[in-house]
Amino acid sequence: MEQQVAHPMVKLQRQVRSLVDSKLLKPTDSIWKIALLYGDDWSYWKKELEDFEFSMQDPVIDLIEVETWEEDN
């Protein structure tokens with residue numbers, strides 16, 4: 001049985017979903033609000049989000065609703 005490693009964006013997506021579930025973020029909040037919670041790690045996540053064509057003004061619900069993370073090679 002081969003175990004697949006989850007894409008790094010799945011981790012971020014789960015964490016953001018948890019923040020929404022716990023009411024720390026609203027689904028309509030802009031993605032840039034995540035930066036306030038990630039501190040030094042934010043530059044990495046910002047680049048990842050931009051690579052997937054997210055803007056920092058997009059609502060976090062757009063990030064949560066992604067079903068699969070596939071990178072173009």
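With Leu19 as the fixed residue, the side chain to side chain contact (heavy atoms under 4.5 Å, CB included) test singles out one of Val60, Asp29, Leu24: Leu24.
Using a distance-only test at 3.5 Å, with no hydrogens or angles considered, a donor-acceptor pair links the side chain of Ser22 to the main chain of Ser18. Distance alone, capped at 3.5 Å, is enough to place a donor-acceptor pair between the Gln13 side chain and the Val66 backbone.
In this structure, Ile31 CD1 and Glu50 CD are separated by 10.0 Å, a value rounded to the nearest 0.5 Å.
Pro59 approaches Pro27 most closely through the heavy-atom pair CB-O, 3.6 Å.
You'll find the side chain of Tyr38 stays beyond 4.5 Å of the side chain of Lys46, heavy atoms only. No side-chain heavy atom of Thr28 sits under 4.5 Å from any side-chain heavy atom of Ile61. Side-chain contact check for Leu25 versus Lys33: some heavy-atom pair is nearer than 4.5 Å. Annotation: side chain of Leu49 is not in contact with side chain of Trp32 (no heavy-atom distance under 4.5 Å). Side-chain atoms of Trp45 and Met9, non-hydrogen and from C-beta on, do get closer than 4.5 Å to each other. Inter-residue side-chain proximity for Leu37 and Gln15 is flagged as unmet; no heavy-atom pair is nearer than 4.5 Å. Within the 4.5 Å cutoff, side-chain heavy atoms of Leu63 are placed close to those of Ile34.
Asp58 and Ser55 are linked by a side-chain donor-acceptor pair at a separation below 3.5 angstrom, with hydrogens and angles left out of the test.
Taking the six-membered ring where the residue is Trp, His7 and Trp69 present parallel rings, their angle staying beneath 30° rather than reaching 60°.
The existence of a salt bridge linking Asp51 and Lys47 is confirmed by a sub-4.0 Å separation between a basic side-chain nitrogen and an acidic carboxylate oxygen.
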